[in-house]
Amino acid sequence: MYLTPFQERMLKGEFGWVYAKALEIIVKVGEALGSDRLVEITHAHVSGVSYSNIGEPGLEFLRDFYRERPRFRVYTTINPGCVDYGMLSQVIDNKYFSKQALIDEALVGMGGKPVFTCIPYYHRPPMPGEHLAWGESSAVIFANSYFGARTNREGGPLALASALTGFTYLHGLHSLENRVARVLVELSPLIDNKPLSLAGLWIGENIRDIPVVKIREKPLHEIKALLAAMAASGSHALAVLDGITPRETYKTEIEETITLEPSDVEKYVGELPGLGGTVLGYIGCPHTHPEELVALKRLLEKYREPRRGKLLVTMPPELASTYSPLMKFLLSRKVDIALGTCPVVSVLKKKYDYMLTNSGKAYFYMRKIHGLKAGIAGLKEIVESIYA
Ligand code: F3S
């Protein structure tokens, strides 16, 4: 791999072993993938930071680096941890609070922004063509598809290495020639009225190539859910959204057209348990955006409190402080608000029989991680199931 004189000095340890180690990781992975040079990045997003997921080995890895007191060389944001930073949730268990605090101290101490969210674009939306090194599959696919930025799906250690060095290997979605869509997916009118998570789960499971997805005008939270579901059930990191993805950031060579019908996605629509069963309604995977919270508020206005189960909403901590009147309203309706975390990367206080969610990603992981039965529904249906 070609390295600039500055990169050579970093690799030789002139700036300390932490930077040398971080660059070595990037160079080794890049060489294994056939990359011949590095590219500068402007924003790293570090995932794999929940103690509940990475445990003692992950904590030690981070603390080893932090002991040398290095600083991130680029703007760096941090994914959700395993604790509710608002301390109000009755669903999320904060049993690992002190362990998570050690992880957070290391990341913030190195210069990471304590946003604790999987929607880092809420804090800093990237520009088309901008090179990033993001972990968190749902954020990666959103950056590439919605903003036309350039990032591969990085694991936590690689995103951390890029945060420290300011570089990533030039490969994959960093090059225009690899951003070629070959399958056109159209949604039949009947499926277009359903939550886009359903289509996302199907596309992720059944299509390997980069798709062009034709959707009618949709709210942001639906687009976010579509892309996150694709990235969860498949390994997608880019989907061209017809009319949304900036035109100069992809190419198309369509070889196949598929029309999705309701029967294709029926299997993701579950069935609520009988009245004795405990139900968790869940909104906020990826984390909620203000626009989704406003939609939720409208739906909750006519109800006072849940009649069945709980409604959990997860969001970035900063959003809660910026929109405090909205938070007061949600709390008045007994919504369970968890900040800077989510049930996929944390421990739950109790087991539920069933989860109803608008998130294909939560549907995909919650069944595996927490052994829950689950089903996909729209915001309105979720609110009615819990409150009506
Ligand atoms: Fe975010 Fe947790 Fe979903 S990190 S994308 S809310 S699994």
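Starting from 1, each residue takes its place in the sequence as its number. Both counts, for ligands and for their atoms, begin at 1 and track the order of listing.
- From N79, atom CG reaches atom OG1 of T341 across 10.0 Å, with rounding to the nearest 0.5 Å.
- Within the 4.0 Å heavy-atom cutoff, Y282 counts among the residues contacting ligand 1.
- Summarising the geometry of S359 relative to C285, their closest heavy-atom pair is OG-O, 2.8 Å, with the distance given to 0.1 Å.
- The two residues P316 and Y122 come nearest to each other via the heavy atoms CG-CD2, 4.2 Å.
- Atom NZ of K251 and atom CZ of R247 lie 10.5 Å apart (nearest 0.5 Å).
- Exactly one residue among R179, H131, R150 makes a side-chain hydrogen bond (donor to acceptor under 3.5 Å, both in side chains) with H174. That residue is H131.
- Distances under 2.8 Å from atom 1 (Fe) of ligand 1 pick out the protein N/O/S atoms C118 SG.
- In the hydrophobic cluster analysis, where Ile, Leu, Val, Met, Phe, Trp and Tyr join through side-chain heavy atoms closer than 4.5 angstrom, V180 is grouped apart from V213.
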